[in-house]
Each structure stands twice: as C-alpha cells, then as structure tokens.
Protein chains: 4
Amino acid sequence: MAQKSAPDSTRRSEKSRRAIYAAALALVAEVGYPRTTVEGIAARAGVGKQTIYRWWPSKADVLLEAFLDLSGQAAEAAAAAGEEYAIPDTGDLAADLKDVLRATVDELLDEQFQAPYRALAAEGVVNEKISSEFVSRLLEPQLQLYVRRLEAAQEAGEVRPGIDPRIALELFVAPLAQRWLQRSGPLSHAYTDTLVDYALNGLAPR
Amino acid sequence: MAQKSAPDSTRRSEKSRRAIYAAALALVAEVGYPRTTVEGIAARAGVGKQTIYRWWPSKADVLLEAFLDLSGQAAEAAAAAGEEYAIPDTGDLAADLKDVLRATVDELLDEQFQAPYRALAAEGVVNEKISSEFVSRLLEPQLQLYVRRLEAAQEAGEVRPGIDPRIALELFVAPLAQRWLQRSGPLSHAYTDTLVDYALNGLAPR
Amino acid sequence: MAQKSAPDSTRRSEKSRRAIYAAALALVAEVGYPRTTVEGIAARAGVGKQTIYRWWPSKADVLLEAFLDLSGQAAEAAAAAGEEYAIPDTGDLAADLKDVLRATVDELLDEQFQAPYRALAAEGVVNEKISSEFVSRLLEPQLQLYVRRLEAAQEAGEVRPGIDPRIALELFVAPLAQRWLQRSGPLSHAYTDTLVDYALNGLAPR
Amino acid sequence: MAQKSAPDSTRRSEKSRRAIYAAALALVAEVGYPRTTVEGIAARAGVGKQTIYRWWPSKADVLLEAFLDLSGQAAEAAAAAGEEYAIPDTGDLAADLKDVLRATVDELLDEQFQAPYRALAAEGVVNEKISSEFVSRLLEPQLQLYVRRLEAAQEAGEVRPGIDPRIALELFVAPLAQRWLQRSGPLSHAYTDTLVDYALNGLAPR
DNA sequence: AGATAACCGAGACGGTACGTCCCGTCTTTTT
DNA sequence: AAAAAGACGGGACGTACCGTCTCGGTTATCT
C-alpha cells in the first residue's frame with residue numbers, strides 16, 4: 001500500500017510554520033474566512049504554496065492548527081502567570097458560574113477573537129473531520145472545566161447527586177453558544193446570569 | 001442614481017424557479033454544500049446562469065429560499081392533514097416537551113434533511129445576512145411554538161411566573177442544537193428526556 | 001461518444017484572438033519561446049487564461065496560428081501591392097534563384113522574424129502534430145513556388161527533363177535551412193550563390 | 001570575486017554519472033524530451049538532484065553529454081571491431097555516398113536512436129549554447145568524414161577542382177537532414193540515391 | 001396583428017484560486 | 001568533500017467557478 005511518501009517532519013521549517021499560522025490568523029481577521037485563500041496565506045507568510053500543502057490538507061486544517069497553537073500559547077502564558085487553569089470555587093456555585101460566563105460573553109464579543117473561532121465553528125458544521133478535531137481539542141477541554149466544577153458542587157451538596165455534570169453544563173453553556181453562533185438573540189451579562197438561575201433552580205415552581 | 005433595473009417579477013418563470021430549488025437541494029444532498037456551485041445548479045435545473053443571478057445574489061440565498069419553500073410545503077401538507085401547527089398540550093408539560101424533542105431528534109438524524117439545514121447553519125455562522133434570514137424565517141418561528149407552550153404552562157402553574165419563556169426554552173433546545181451542529185455529543189431520546197427533566201427541576205437540590 | 005463540448009466558434013471574440021496573437025508574437029520575440037508562458041500571453045493580451053485554453057490546446061498551437069495569421073496578412077499585403085506571389089522568371093534560372101535565396105538569407109537574419117519561426121521549427125522537431133501543421137501550412141506552400149519555377153525552367157530547357165523538381169529544390173534550399181536552424185555554418189549571399197551554382201552544374205567534372 | 005567553488009572532479013562518482021546518462025536516455029525515449037525532468041532523471045538514477053546540478057547546468061547539457069558518451073562508446077566498439085572510422089573509398093564516389101546515406105536513413109528511422117537526437121536538435125534550434133556544442137562535437141565531426149571523401153574524389157578527378165567540399169556535402173546531407181527533422185518528406189533509399197545523382201551531375205543539361 | 005419589450009437558455013468572457021509539478025537552492029546526514 | 005535525500009521559495013500548469021456580458025428565441029403585454 002504505497003503511501004503518498006509522507007514528508008520528513010524532522011526537517012520541517014519551524015520559521016515557516018509560525019509564519020503560516022500568523023498569516024492565516026491575520027487574514028481571517030482582516031478579510032474573513034471565505035476570502036482567505038491558501039495562496040494568500042502563502043504570499044503573506046513569504047512561503048511557497050507547496051509548503052502549505054505538504055503539511056496540511058486544506059485551509060481549514062491550517063486555521064485549526066493555528067488556532068490551537070494560539071490557544072496553547074495563551075494557556076502557557078496563563079500558567080506561567082500562576083493562574084490556575086480551572087473555574088474558581090468560592091463555595092458559591094451560582095456566583096462562580098456567573099463570573100465565568102460573563103467573562104466568556106466578553107470574549108465572544110471581542111472582534112479579534114471571533115473571526116477565526118467562528119470560521120472554525122462554521123467549517124465544523126459542514127466538515128466532519130474538522131468538527132471532531134475542533135471538539136476534541138478545543139471545545140471538550142473547556143467543557144471539562146465545567147464538569148469538574150459541577151462535581152465539586154455535587155460533593156458540596158449544591159447539586160443533586162444523580163445529575164450528570166456533562167449534560168448539566170449544557171443547560172447554561174449551549175444557550176450562550178447558540179445565541180453567539182446563530183445570532184439568535186443578544187448576549188449580555190444579564191442573560192447569562194439568568195441562564196444560571198434558571199438552570200440551577202429549574203423552571204418548575206418549588 | 002441609476003438602479004440596476006430590478007427585474008419584473010410578474011414575468012418570472014415559475015417552472016425555472018421550482019427547477020432551481022429542486023436542483024439546489026439535490027446537489028447539496030449529493031455532493032455537499034461547498035461543492036455545490038451556481039453553475040452546477042443551473043446545469044442541473046436546465047437553466048441559464050443568469051436566471052439564477054437575476055433573482056438571487058448568491059448560492060446561499062438560493063439554498064435558503066429553496067429550504068424555506070420546502071418547509072412551507074411541509075407545513076401546508078401538515079395543515080391540510082388537519083394537524084395543528086403547535087406543540088401539543090396534554091396538560092403535562094414534561095411529557096409534551098419530551099415528545100416534541102424526540103421527534104426533533106429523529107428529524108435531525110434524517111440524512112436527507114440534514115444536508116441543506118447544516119449548510120445553511122454553517123453559512124449563517126459566518127455570513128450575517130444569511131444568518132438573520134435563517135433565524136427570523138426558520139428558527140424563530142419554531143422557537144415561538146415553545147414560547148406559546150411555556151406560556152400555557154405558566155398559566156397552568158406548571159412553570160414559575162417570573163420565568164421568561166423565550167430564555168427558558170433555550171435550556172433544552174440549545175443543548176440539542178449544539179450537539180447536533182458541533183457534534184459535541186450523541187443524540188438520543190434518553191438525552192432529550194434528561195434535558196427536559198434537568199431544565200424543569202433544576203440542578204440544585206429541592 | 002461524448003465530446004468535450006466544443007465551444008461555439010460563432011460567438012468567439014475576434015478582439016481577444018487578435019490580442020492573443022499579438023501578445024504571443026511579442027513575448028516570443030522579447031523573452032524567447034521557452035520563457036513565454038500561456039499565463040504571460042493571457043496577461044499581456046488582457047485575456048483570461050481559459051480563453052486561450054478554450055481555443056488552443058497548447059502554447060505551441062497558439063504561436064503557430066499567430067504566425068500563420070501574420071504570414072497570411074503579409075501575403076495579402078503583398079497581393080494588394082500588386083506583387084505576384086511567385087519566384088520571378090527572367091529566363092535565367094540561376095540568377096532568379098540567387099535573387100530569391102539572397103532575400104531569404106536577409107529574412108532569416110532578421111531578428112524580429114527569427115524568434116517565432118525558430119520556436120515553431122524547434123517545437124516541430126519534437127512534436128509531430130505541430131510539425132505537420134507547420135510543414136503543410138507554412139513550409140510546403142513556399143517550396144511549391146520553387147517547384148513551379150523549376151518546372152518552367154524544365155520547359156525552357158534549362159533543367160534536364162527527368163529531374164523531379166520537388167527533390168531538386170532541396171539541393172539549395174535544405175543547406176540554407178540547415179545552416180540557419182542548426183547554426184552549422186555562416187549564412188551569406190556568397191554562400192547561397194555557390195549553392196545554386198553547385199546544384200545546377202553538379203559536382204562532377206563536365 | 002568569489003567563484004561558485006567549482007567541484008573537485010577527481011572525487012566525482014563514476015557510478016552516478018553513468019546512472020544519470022542511462023536514466024536520461026531512457027526517459028527521453030520513454031516519455032519524450034519535454035516531459036523528461038531533472039527530478040525524474042535523479043529519481044530514476046537513484047541519485048540526489050544536487051548531484052546533477054553540481055556537474056551540469058541544465059537537463060539539455062545532461063542529455064548532450066549522455067548522447068556524446070553513447071556515440072563515443074559506439075565509435076569505440078566499431079574501432080575495436082576493426083572498422084575504419086571513415087567513409088569507404090572504392091573509387092566510385094557515387095556508390096560510396098549512396099551506401100553511406102542508405103545506412104544513415106536506416107539509423108534515422110531507428111526509434112531508439114531518434115528520441116535523444118531529435119531532442120538535442122530541437123533544443124539546439126532555440127538554445128545557442130547547446131547548438132554550438134551539438135554542432136562542434138557531434139555534427140561537424142561526422143560532416144568532416146564527407147569532406148575527406150570528397151577531397152579524395154577531387155584528387156581522383158571525380159569532383160571538379162574548384163569545388164568547396166564543406167559546401168558540396170550539404171547538397172545531399174542537408175536535404176536528408178531537413179526531411180528528417182522537419183518531416184517535410186518521406187525518407188527512403190531511393191530518395192538518397194536520387195540526391196547523390198542530382199548533386200553529382202547537376203540539374204542543368206550536360 | 002405587429003411591435004416591443006422582458007425573460008430565458010446558452011455559454012464566451014476577464015478573472016481568481018485551486019491543487020500539482022518542477023525548478024534550482026539549501027540543509028542535513030551518511031559514506 | 002561528494003553524495004542521497006528532500007524541504008524550501010517560487011512560478012507555471014491546466015481546471016473549475018465566479019459574476020458579467022451578449023446572443024438568438026420565445027412569450028406576453030401594449031399599442
């Protein structure tokens with residue numbers, strides 16, 4: 001079974017890779033994903049097109065790795081700054097969730113961040129391969145932070161024992177995601193606060 | 001200011017329009033959205049390219065209208081069959097919601113239906129114009145059905161008075177949407193049943 | 001047997017064709033045949049690449065037609081100027097041939113003319129399709145002028161009766177062609193005069 | 001003025017050189033000159049590309065040397081077999097020339113031999129450097145054999161004294177070359193016999 | 001009834017980007 | 001130091017579509 005003679009990754013040019021990541025992110029931010037082209041990325045990065053096609057099968061994969069690289073750097077920076085990579089636990093679940101979701105709203109409204117994230121989400125909707133990478137490497141790790149916080153809350157008696165945290169977190173995270181992705185409603189701190197209240201207390205009278 | 005001399009819609013060929021809708025939906029289902037082209041739609045519909053560009057600004061708009069047309073037909077068919085276009089109200093909110101969501105799950109897993117819907121959702125993520133049309137003409141009308149059912153439940157005392165139904169519905173609808181769009185988890189009847197239970201009763205101990 | 005859906009030549013753009021001819025000839029003269037590219041011709045002609053590929057299978061074919069067009073124009077111009085399209089017949093075969101060959105030498109040394117002619121000849125050496133077009137549409141018609149002059153000379157008793165004019169002409173035409181094409185010797189009026197003398201009188205003592 | 005640090009030819013790999021010659025000739029015969037690439041030659045020869053670029057400036061030069069090498073070997077083989085490297089002299093010039101030209105026709109029609117020879121001739125038409133090498137190292141030495149035979153004939157009184165043998169030989173050699181290179185007519189023994197007769201006796205009545 | 005618009009099919013056009021092939025250079029490792 | 005290997009920046013290939021445009025040929029009113 002003759003493979004396509006995979007390239008030798010030990011000889012790969014680190015400089016080119018970083019230039020390609022930077023160019024891809026910049027172009028998506030500047031002209032949008034659909035008008036970002038492999039040719040454009042190569043030109044902006046000062047790189048031959050083949051150098052892109054040698055290492056990535058499509059522009060979506062380039063952007064995905066660029067974004068993962070960016071996230072990885074941000075995480076490292078945060079870690080270096082001594083910040084814990086987790087949702088804070090003050091003992092008040094509602095307050096903690098509201099805090100995190102407010103920060104998330106702010107991030108989602110940041111234009112610079114939006115462009116590549118939206119692009120990847122859109123591509124993932126239609127492209128199963130990108131989707132699975134996107135979910136497993138970006139989305140799921142973030143959701144696991146909520147899982148851990150909810151488990152802690154469960155032990156503290158703030159959440160009912162039988163609840164599945166992986167499903168529970170979707171009650172407040174998914175609505176936010178949907179409003180952002182589909183623009184099906186406005187985002188605000190008040191909105192996410194409400195989500196947390198509804199999710200924790202339920203809709204039925206108590 | 002010379003306008004682009006808008007075409008006279010009274011002389012429009014109904015036959016061509018239907019052929020274009022059919023071709024667009026078929027192509028998206030067969031080869032996927034990105035590989036569906038205006039040229040391909042025109043060829044398949046036996047229509048000149050200009051006939052498409054005369055009436056729609058882009059392939060996304062063609063597909064959106066094709067899909068709206070399809071939904072419209074389905075609604076008419078349902079109405080003709082005497083079915084009410086609303087969420088049933090048996091007096092048991094939880095049961096009614098579970099029923100509707102189970103049906104939605106089945107629909108979302110139908111391959112034929114998925115292709116154009118996913119394509120539009122994806123385009124909407126990245127294209128604000130398509131997004132607003134998609135939300136206002138397709139998504140929001142469906143969500144309003146939930147609003148009405150929840151309002152009825154509120155009057156029946158099954159839902160707390162202060163709750164905003166438009167936000168409340170997102171607790172169970174958005175998770176389902178997210179899992180489907182982002183493939184961030186499996187879809188099943190058990191899953192949506194759980195969502196309804198969690199949303200109505202809340203996560204906190206009662 | 002599905003053809004590649006041949007384009008409709010009645011709708012062909014005359015302006016583009018002329019621009020392509022001009023660009024091709026200019027580029028070959030300026031940068032040489034190997035560095036003349038289809039892309040370059042298209043750019044210089046202000047034409048899409050596809051417009052070239054729609055009508056010609058390769059750059060060699062473009063150049064061939066461009067050259068034929070040029071020759072055709074030159075012939076028309078000469079005809080319009082009342083010049084006869086034939087080798088002159090003053091009754092002195094040797095003198096007439098020397099005259100024509102001297103003119104040919106001058107033409108072959110004209111840089112402007114050389115570039116495309118050489119390019120076509122070179123392509124023909126290696127490409128049978130181009131070769132046959134080149135010979136039948138450019139070379140052979142010119143050689144037929146010699147055939148006619150030699151036949152006249154035969155009737156006038158200046159050439160032996162049994163001689164085949166089509167072969168005879170090669171005695172003085174081919175050496176000139178070879179020296180020019182292969183640069184296997186210098187070109188001059190004295191050289192072609194000598195060729196005519198040798199060919200008419202033979203090498204053996206008389 | 002830093003030179004490109006010419007490689008040390010004493011350390012050159014003889015094995016690689018031979019492999020490159022063989023690969024070049026084989027590829028030209030198999031896929032034709034234009035589709036023969038340096039990369040292809042290197043791969044087929046099991047050699048790094050740089051090894052080619054170190055010793056030759058272009059693929060044309062590789063092929064030229066490969067062909068010269070081949071000719072050299074053939075000459076050595078002939079010499080070893082006791083054959084004299086000259087046109088035979090039986091005292092009958094016409095017969096001797098006809099013999100040699102008939103052998104040449106057979107050689108020119110040999111498919112195996114044609115491919116590289118044609119390729120070099122074509123390259124030479126358009127590339128002055130290759131042309132001069134080709135002429136001085138391959139073509140001219142062969143023509144000199146005719147010069148010597150004609151000089152012998154001149155001394156024997158079979159050729160007029162004033163005749164320049166270097167030009168005279170072109171009367172029968174160039175037509176053959178032209179028909180072959182330009183495919184401007186069929187090759188046959190009868191044809192070359194006729195050429196010799198015409199050239200020796202001239203076209204004019206005697 | 002004839003004129004005269006518009007739409008319509010077809011598809012050529014100037015373009016942009018695709019993904020591939022090679023170029024000639026450079027770098028790394030092996031012999 | 002030459003050689004095998006092959007990544008690199010670059011340029012051109014030939015193809016696929018884009019959105020605009022022009023061309024007859026049908027309708028479909030409006031004189």
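Each chain gets a letter, A, B and so on, in the order the sequences are listed, and its residues count up from 1.
- For A:Phe113, the ring-ring contact (aromatic ring centres under 6.0 Å, His included) partners are A:Phe67, A:Tyr117, not counting sequence neighbours.
- Rounded to an integer number of Å, the gap from CG of C:Asp61 to P of F:dC13 is 14 Å.
- C:Trp55 comes within 4.0 angstrom of the backbone, heavy atoms only, and of no base.
- Residue whose closest nucleotide on DNA chain E sits further toward the 5' end, between B:Ser9 and A:Ser58: B:Ser9.
- Whole-Å rounding puts the A:Ile52 CD1 to E:dG19 C1' distance at 12 Å.
- Side-chain contact check for C:Arg118 and C:Gln114: at least one donor-acceptor pair (N or O, by modelled atom type) lies under 3.5 Å.
- Checking E:dG9, F:dA4, E:dG19 against the side-chain heavy atoms of D:Thr51 singles out F:dA4 as nearest.
- Among the protein residues, A:Arg54 comes within range of the nucleic acid bases, having at least one heavy atom under 4.0 Å from a base atom.
- With rounding to whole Å, D:Ile20 atom CD1 is found 14 Å from F:dA2 atom P.
- With values rounded to the nearest 0.5 angstrom, D:Leu64 atom CG is found 11.5 Å from D:Trp56 atom CH2.
- Listed by chain and residue number, B:Glu14, B:Asp69, B:Gln73 satisfy the side-chain hydrogen bond (donor to acceptor under 3.5 Å, both in side chains) test with B:Arg18 (two or more places apart in sequence, or in another chain).
- Across the interface with DNA chain E, nearest-nucleotide mapping of C:Asp8 and A:Tyr53 shows C:Asp8 to be the residue nearer the 5′ end.
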**Q.** Nucleic acid footprint by protein, nucleotides 23-30 of chain F - heavy-atom cut-off 4.0 Å, B for base, S for sugar-phosphate alone
**A.** B---BB--
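- With sequence neighbours left out, the side-chain hydrogen bond (donor to acceptor under 3.5 Å, both in side chains) criterion links A:Ser9 to no other residue.
- One atom, CD of A:Gln50, and another, C1' of E:dT20, lie 7 Å apart when rounded to the nearest Å.
- Nearest-nucleotide positions on DNA chain F place A:Glu14 closer to the 5' end than the other of B:Pro57 and A:Glu14.
- Residues passing the side-chain hydrogen bond (donor to acceptor under 3.5 Å, both in side chains) test with B:Asn127, sequence neighbours excluded: B:Glu123.
- Put simply, NZ on A:Lys49 is 10 Å from C1' on F:dG11, counting in whole angstrom units.
- Every residue two or more places apart in sequence or in another chain was checked for a salt bridge (Lys or Arg N to Asp or Glu O under 4.0 Å) with B:Lys15, and none qualifies.
- Take B:Trp55 and apply the side-chain hydrogen bond (donor to acceptor under 3.5 Å, both in side chains) test, not counting sequence neighbours, and it matches no residue.
- For A:Trp56 and E:dC18, the CH2 to P distance is 15 Å, given to the nearest whole Å.
- Taking a 4.0 Å limit (strictly below) on heavy-atom distances, residues 24-45 of chain A reaches DNA chain E at A:Thr37, A:Val38, A:Glu39.
- The side chain of A:Pro7 sits closest to F:dA7 out of E:dT25, F:dA16, F:dA7.
- Residues passing the salt bridge (Lys or Arg N to Asp or Glu O under 4.0 Å) test with A:Glu133 are A:Arg137, sequence neighbours excluded.
- At a threshold of 4.0 angstrom between heavy atoms, the contacts of A:Ser16 are confined to the sugar-phosphate backbone, with no base atom among them.
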